Amino acid sequence: MADSSSSAQNVDAGEDENTMTLVDFLEEEQQLESDADAVLGPSDDKNCTYNLGYVPRQALYACITCTPQDTSDCKPAGICLACSYDCHEGHELIELYTKRLFRCDCGNSLFQERKCNLVPEKIELNEKNVYNHNFKGVYCTCGRPYPDPEEEHSDDMHQCIICEDWYHTKHLNSPVPPDQLYAEMICGLCTDRLSFLNHYLSHAVTNETQIVDVVGIDKNSETDTAKNEMNGEHQNAVTCYLKSHEAQTRPLKSATFWPNDFRKLLCSCTDCKSLYTQLDVPWILDENDTVHAYEAKGKQGVEVGGLSRYEKGMKALSQLGRVQQVEAIQNYNELKENLSEYLSKFVENKKVVRKEDIYEFFSQMNARKRQKIGTPPYMCH
């Protein structure tokens, strides 16, 4: 039985090069959809998360329309996914990806007199929220926007798991290992601040190291406090990992890269837990805190929900006849060309694309379609 992709590609691929264009589009759409599901999937798009308190991790936005950062009296504020849809539609928003332990600010004192449509009554300030310059639309030690209009060549961005700021590759002060070798990055400033990490540098990932099997490392051969507690045991004398492993040196302000599940390596003795709290990183032992765990939850929910747009598109395309497939490809290319031309005007004028603008575009497309088809010929019965 031929699969859907081969059926789509068999439409005289040599004769019509645009056949692959549509397949490529669907594959790209699948990747974009997967990325969006990973970030937005676990977040509630209908209910403000304020009443949930400081959510362990959620998708967040900053509204420049309501809290313009070019004025001295405006402070950074973050809003949840549902509020970005219901309370700030048509506003200039900055996507902040995900943040940990954050409570939605929408409608509190940071927004002056503007109330939240979903939860109107909120306390004035969420004092435990942590803000950085990302809420102002700038990133990295260079404090530049992303994408940077002054940069000719775009640079990859990497998020630090501690401060959650995003850094350009060229500003990490450390070579970046291949993606498949590491799971989490800690920027140079945070690695310097969390000096206990220097005791674990033998497990850090570099360009020379291979994938580390954390599960196979018995980091608690001397200090497995958690395991002892699970077994109902208690030992008064426990050797701390930091006391049994010397700290290594590394260049200051150089980022460090860590393998998947590296948090299992971290000592969980009483003294270390107290140290993590003092350094404001008590969550560092929590494996569910990771972005990977959050994204996996989002993707899992989508898988339960059924077919992706890519799978639906390929299934529908494979069921069409040859002529219909070519027509679908031509219609797609026409749509892509017209949409690119339409959206380019917004880019040139630096305007935000509103829902009404999209409706207008498709209304114009429908009008063109009717003109192309024309009125049905008069039939005499």
Side-chain angles (χ1 to χ4, degrees), residues 54 56-57 60 62 69 75-76 78 94-102 127-148 150-151 154-179 181-207 209 241-242 245-260 262-263 265-267 272-287 289-292 294:
Y54 294 88
R57 185 169 293 281
L60 286 180
Q69 296 305 304
K75 298 180 179 180
I94 297 174
E95 184 178 0
L96 299 172
Y97 196 50
T98 69
K99 300 287 185 184
R100 70 166 61 86
L101 299 175
F102 199 94
E127 296 183 353
K128 294 182 180 180
N129 280 355
V130 176
Y131 308 91
N132 60 16
H133 62 175
N134 296 169
F135 290 80
K136 299 181 180 180
V138 294
Y139 309 86
C140 190
T141 54
C142 61
R144 297 294 302 167
Y146 183 84
D148 191 338
E150 296 183 5
E151 283 286 342
S154 61
D155 189 5
D156 290 338
M157 300 288 282
H158 309 264
Q159 188 180 37
C160 172
I161 67 167
I162 305 298
C163 66
E164 298 192 297
D165 195 1
W166 292 82
Y167 295 85
H168 296 100
T169 299
K170 60 186 178 184
H171 294 147
L172 289 175
N173 300 319
S174 180
V176 179
D179 289 345
L181 294 185
Y182 77 97
E184 299 189 288
M185 184 276 288
I186 301 179
C187 72
L189 293 176
C190 287
T191 305
D192 291 347
R193 185 174 72 85
L194 306 180
S195 58
F196 66 84
L197 290 172
N198 292 328
H199 293 263
Y200 298 91
L201 289 180
S202 61
H203 301 301
V205 177
T206 67
N207 283 325
T209 56
Y241 185 93
L242 304 189
H245 295 76
E246 292 185 1
Q248 299 182 22
T249 59
R250 43 171 278 280
L252 291 177
K253 298 183 180 180
S254 62
T256 51
F257 302 85
W258 303 91
N260 188 36
F262 100 93
R263 301 183 189 215
L265 292 168
L266 301 177
C267 183
C272 280
K273 285 183 176 180
S274 176
L275 177 62
Y276 303 151
T277 300
Q278 293 173 21
L279 294 171
D280 295 324
V281 291
W283 38 261
I284 199 167
L285 292 174
D286 184 4
E287 296 173 45
D289 168 78
T290 67
V291 173
H292 292 287
Y294 174 89

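Quantities reported herein were computed from a predicted structural model and do not represent experimental measurements.
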TODO: Rounded to the nearest 0.5 Å, what's the gap from CG on Asn134 to CD1 on Ile94? Could you check?
DONE: 9.0 Å
Task: Approximate separation, where rounding is to 0.5 Å, of Arg100 CZ and Asp286 CG - done: 9.5 Å
Open item on the list: Is the shortest side-chain heavy-atom distance between Arg193 and Ile162 below 4.5 Å?
Closed with: yes
Open item on the list: I need the Ser174 OG to Phe257 CZ distance, nearest 0.5 Å.
Closed with: 5.0 Å
Open item on the list: Parallel, tilted or perpendicular: which one describes the rings of Tyr200 and Tyr241, with boundaries at 30° and 60°?
Closed with: parallel
Task: His158: partners by side-chain hydrogen bond (donor to acceptor under 3.5 Å, both in side chains), with sequence neighbours left out - done: Thr169, Tyr182
- [ ] Please lay out, stage by stage, how Arg57 and Val291 fare under the test side-chain contact (heavy atoms from CB on, under 4.5 Å).
- [x] CA-CA 8 Å; Arg57 185 169 293 281; Val291 173; 3.8 Å; yes
Open item on the list: Distance check, rounded to the nearest 0.5 Å: Asp280 atom CG versus Cys163 atom SG?
Closed with: 13.0 Å
Open item on the list: Restricting to non-hydrogen atoms, name the atom on Trp258 and the atom on Leu197 that form the minimum distance, rounded to 0.1 Å.
Closed with: CH2-O, 3.9 Å
Open item on the list: I need the minimum non-hydrogen distance between Asn207 and Pro175, along with the two atoms involved.
Closed with: ND2-CB, 3.3 Å
Open item on the list: Within a 6.0 Å radius of atom NZ on Lys170, are there more than 12 heavy atoms belonging to other residues, nucleotides or ligands?
Closed with: yes
TODO: Please round to the nearest 0.5 Å and tell me the distance separating atom CG of Asn198 and atom CG of Asp192.
DONE: 8.0 Å
Open item on the list: Surrounding NZ of Lys99 (heavy atoms of other residues, nucleotides or ligands, distance under 6.0 Å), is the total greater than 12?
Closed with: yes
Task: Gap between atom CG of Leu285 and atom SG of Cys267 - 0.5 Å precision - done: 8.5 Å
TODO: With sequence neighbours excluded, tell me which residues meet side-chain hydrogen bond (donor to acceptor under 3.5 Å, both in side chains) with Thr277.
DONE: none
Open item on the list: Taking the side chain as everything from C-beta on, heavy atoms only, tell me whether His199 gets closer than 4.5 Å to Glu246.
Closed with: no
Task: For the student: nearest non-hydrogen atoms of Lys253 and Arg250, plus distance - done: N-NH2, 3.8 Å
Open item on the list: Just so I know, are the side chains of Glu151 and Arg144 near enough to count as touching, which here means a heavy-atom distance under 4.5 Å?
Closed with: no
- [ ] Could you pull out all residues at least two apart from His133 that satisfy side-chain hydrogen bond (donor to acceptor under 3.5 Å, both in side chains)?
- [x] Asp165
- [ ] Would you check if the distance from the ring center of Phe102 to the ring center of Tyr131 is below 6.0 Å?
- [x] yes
Task: Distance-minimising heavy-atom pair for Ala183 and His292 - done: O-NE2, 2.9 Å
Task: Tyr97 to Gln159 - nearest heavy-atom pair and separation - done: CD2-OE1, 3.6 Å
Task: Side chains of Leu266 and Tyr276 in contact at under 4.5 Å (non-hydrogen atoms) - done: yes
Open item on the list: For a quick test of reading the model, state the closest non-hydrogen atom pair linking Ile161 to Ile186 and the distance between them.
Closed with: CG1-CG1, 3.7 Å
Task: Heavy-atom side-chain proximity of Leu101 to Val130 below 4.5 angstrom - done: no
Open item on the list: For a 4.5 angstrom cut-off between non-hydrogen side-chain atoms, does Tyr54 reach Asn129?
Closed with: yes
